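Every value quoted in this text rests on a predicted model; they were computed, and no experiment measured them. As a basis for the values below, the full set of heavy atoms in this structure was taken, side chains included, without hydrogen atoms, waters or symmetry mates.
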Amino acid sequence: MPTVEIRRATENDARDLALVHVQAWQWAYRGLMPDALLDGLDAERRARNWQQLIREGQVPRPHVAVTGSGVAGFSHADTSGDEDAGSETGEVTAIYLLEDYVGTGVGRSLWEAATNQLRESGHTAFSVWVLDSNRRGRNFYERMGMSLDGATKEQVIGGSTLTEVRYRSSLGDAAGGLGRSV
């Protein structure tokens with residue numbers, strides 16, 4: 001694993017968050033979402049959104065993975081917004097890496113930061129939504145101890161209808177911060 005520092009993002013990280021967000025979508029979702037959508041992603045708009053969210057404290061600050069060359073990825077977690085979830089249920093709302101860092105352990109470190117955050121904030125269970133066609137993402141969540149719970153939802157993105165599936169776990173069962181090796 002490359003030398004990496006996992007820390008909370010600051011307003012100064014907004015541009016790096018946005019660049020990782022856009023670049024990760026472009027490599028991870030190519031072939032799963034329309035090319036025109038991926039090619040038209042606006043990093044500057046995302047940077048402004050991240051900066052505002054962090055500055056105003058509208059959501060918990062994301063965790064960033066910082067390497068010698070800059071921000072390599074980020075994760076974000078919060079209380080689940082799902083209608084069938086109680087206040088004890090958290091959600092990992094985002095985990096994205098630059099392609100060069102896939103398989104290096106950086107993603108697992110970001111996952112552990114997100115699940116530890118949820119655990120420390122009193123959540124006892126959590127979920128994550130993923131495109132049903134995103135085999136790489138689904139494999140990762142399964143390695144982290146997550147299980148499909150049967151929930152699905154559809155979204156229209158860039159004129160295409162995409163289906164997401166939900167994985168769920170107890171925070172006592174999920175890999176991350178428990179010393180469990182997966």
Side-chain angles (χ1 to χ4, degrees), residues 2 4-82 90-104 106-118 121 126-138 140-141 144 153-167:
V4 63
E5 172 193 6
I6 305 293
R7 63 169 173 77
R8 291 294 198 146
T10 68
E11 279 186 67
N12 294 333
D13 295 314
R15 182 163 168 38
D16 291 330
L17 279 167
L19 290 172
V20 167
H21 207 168
V22 166
Q23 290 173 19
W25 269 56
Q26 289 173 334
W27 76 261
Y29 297 143
R30 187 74 59 191
L32 305 179
M33 292 184 179
D35 285 348
L37 170 80
L38 297 173
D39 295 338
L41 293 174
D42 184 348
E44 291 306 316
R45 184 177 57 83
R46 284 185 190 237
R48 287 189 302 274
N49 290 343
W50 275 117
Q51 190 171 41
Q52 180 179 356
L53 289 170
I54 293 168
R55 179 180 49 251
E56 295 177 4
Q58 295 177 22
V59 296
R61 289 183 296 148
H63 289 91
V64 291
V66 182
T67 66
S69 58
V71 174
F74 73 91
S75 63
H76 182 263
D78 201 354
T79 298
S80 175
D82 294 340
E91 181 178 346
V92 176
T93 61
I95 183 165
Y96 292 110
L97 291 175
L98 295 177
E99 189 172 15
D100 289 347
Y101 292 93
V102 172
T104 65
V106 173
R108 183 182 178 94
S109 294
L110 286 166
W111 179 260
E112 290 172 354
T115 57
N116 285 336
Q117 171 199 327
L118 291 172
S121 60
F126 75 115
S127 62
V128 63
W129 288 95
V130 61
L131 288 175
D132 67 341
S133 57
N134 183 351
R135 195 68 247 166
R136 178 183 286 118
R138 292 180 66 172
F140 176 80
Y141 300 133
M144 296 299 105
K153 64 182 177 181
E154 289 187 344
Q155 291 189 60
V156 177
I157 299 177
S160 295
T161 301
L162 303 172
T163 302
E164 292 180 285
V165 294
R166 184 172 65 190
Y167 283 80

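Under the side chain to side chain donor-acceptor pair (under 3.5 Å) criterion, Asn12 pairs with no residue, sequence neighbours left out. Take Asn134 and apply the side-chain contact (heavy atoms from CB on, under 4.5 Å) test, not counting sequence neighbours, and it matches Tyr29, Leu32, Val130, Leu131, Arg136. Taking the side-chain contact (heavy atoms from CB on, under 4.5 Å) definition, one finds that Glu99 meets it with Trp27, sequence neighbours left out. Legend: residues meeting ring-ring contact (aromatic ring centres under 6.0 Å, His included) with Tyr101, ordered by chain and number and at least two apart, are absent. Legend: residues meeting ring-ring contact (aromatic ring centres under 6.0 Å, His included) with Phe74, ordered by chain and number and at least two apart, are His21, Trp50, Tyr96. By the salt bridge (charged side-chain N to carboxylate O under 4.0 Å, His left out) test, Asp100 is found to be paired with no residue, residues two or more places apart in sequence or in another chain being considered.
In this structure, Arg46 and Leu41 have side chains that are in contact, with non-hydrogen atoms separated by less than 4.5 Å. Proximity of Ile54 to Pro62: side-chain heavy atoms (C-beta onward) are separated by under 4.5 Å at one or more points. At least one side-chain heavy atom of Val59 sits under 4.5 Å from a side-chain heavy atom of His76.
Considering CG of Leu37 and CD of Gln26, their distance stands at 9.5 Å, rounded to 0.5 Å. Here the straight-line distance linking atom CD of Glu44 with atom CG of Asn49 works out to 11.5 Å at 0.5 Å rounding. Taking CD of Gln23 as the start and CG of Leu97 as the end, the distance is 12.0 Å to the nearest 0.5 Å. Atoms OG and CE, on Ser133 and Met33 in that order, are 8.0 Å from each other to the nearest 0.5 Å.
Surrounding CZ of Arg15 are at most 12 heavy atoms belonging to other residues, nucleotides or ligands under 6.0 Å away.
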For this session: Report the C-alpha distance between Arg30 and Asp39 in whole Å, list the side-chain angles of each, state the deciding distance to 0.1 Å, and finish with yes or no for salt bridge (Lys or Arg N to Asp or Glu O under 4.0 Å).
Result: CA-CA 10 Å; Arg30 187 74 59 191; Asp39 295 338; 3.0 Å; yes

Exercise. Between Tyr141 and Ile95, is a side chain to side chain contact (heavy atoms under 4.5 Å, CB included) present by the stated rule, with each step listed?
Worked result: CA-CA 11 Å; Tyr141 300 133; Ile95 183 165; 3.4 Å; yes

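Residues Asp82 and Arg166 are paired through a salt bridge, judged by an N-O separation under 4.0 Å between the basic side chain and the carboxylate. A salt bridge does not link Asp78 with Arg61: every distance from a Lys NZ or Arg NE/NH1/NH2 to an Asp or Glu carboxylate oxygen is 4.0 Å or more. Arg108 and Glu112 are joined by a salt bridge, as a carboxylate oxygen and a charged side-chain nitrogen come within less than 4.0 angstrom of each other.
Scanning both residues, Ile6 and Ala65, for their nearest heavy atoms gives CD1-CB, 3.6 Å. Residues Leu118 and Gly90 approach most closely at CD2-CA, 3.8 Å, considering heavy atoms. Ala77 and Gln117 get closest at one heavy-atom pair: O-NE2, 2.9 Å. Heavy atoms only, all atoms of each residue included: Ala114 and Val92 are closest at CB-CG2, 4.1 Å. When all heavy atoms are compared, the tightest approach of Ala14 to Ala47 is CB-O, 3.5 Å.
Each of Thr104, Val64, Thr67 was evaluated against Val4; a single residue qualifies, Thr67, per the side chain to side chain contact (heavy atoms under 4.5 Å, CB included) test. When the options Glu164, Arg138, Glu154 are evaluated for a side chain to side chain contact (heavy atoms under 4.5 Å, CB included) with Asp132, the one that passes is Arg138. Exactly one of Arg7, Gln51, Arg8 qualifies for a side-chain hydrogen bond (donor to acceptor under 3.5 Å, both in side chains) with Asp13. That residue is Arg7.
Taking the centre of each ring, Trp111 and Phe140 come in below the 6.0 Å mark.
With hydrogens and angles disregarded, no donor-acceptor distance shorter than 3.5 Å links the side chain of Gln155 to the backbone of Thr161. At least one donor-acceptor pair under 3.5 Å links the side chain of Ser75 to the backbone N or O of Leu110.
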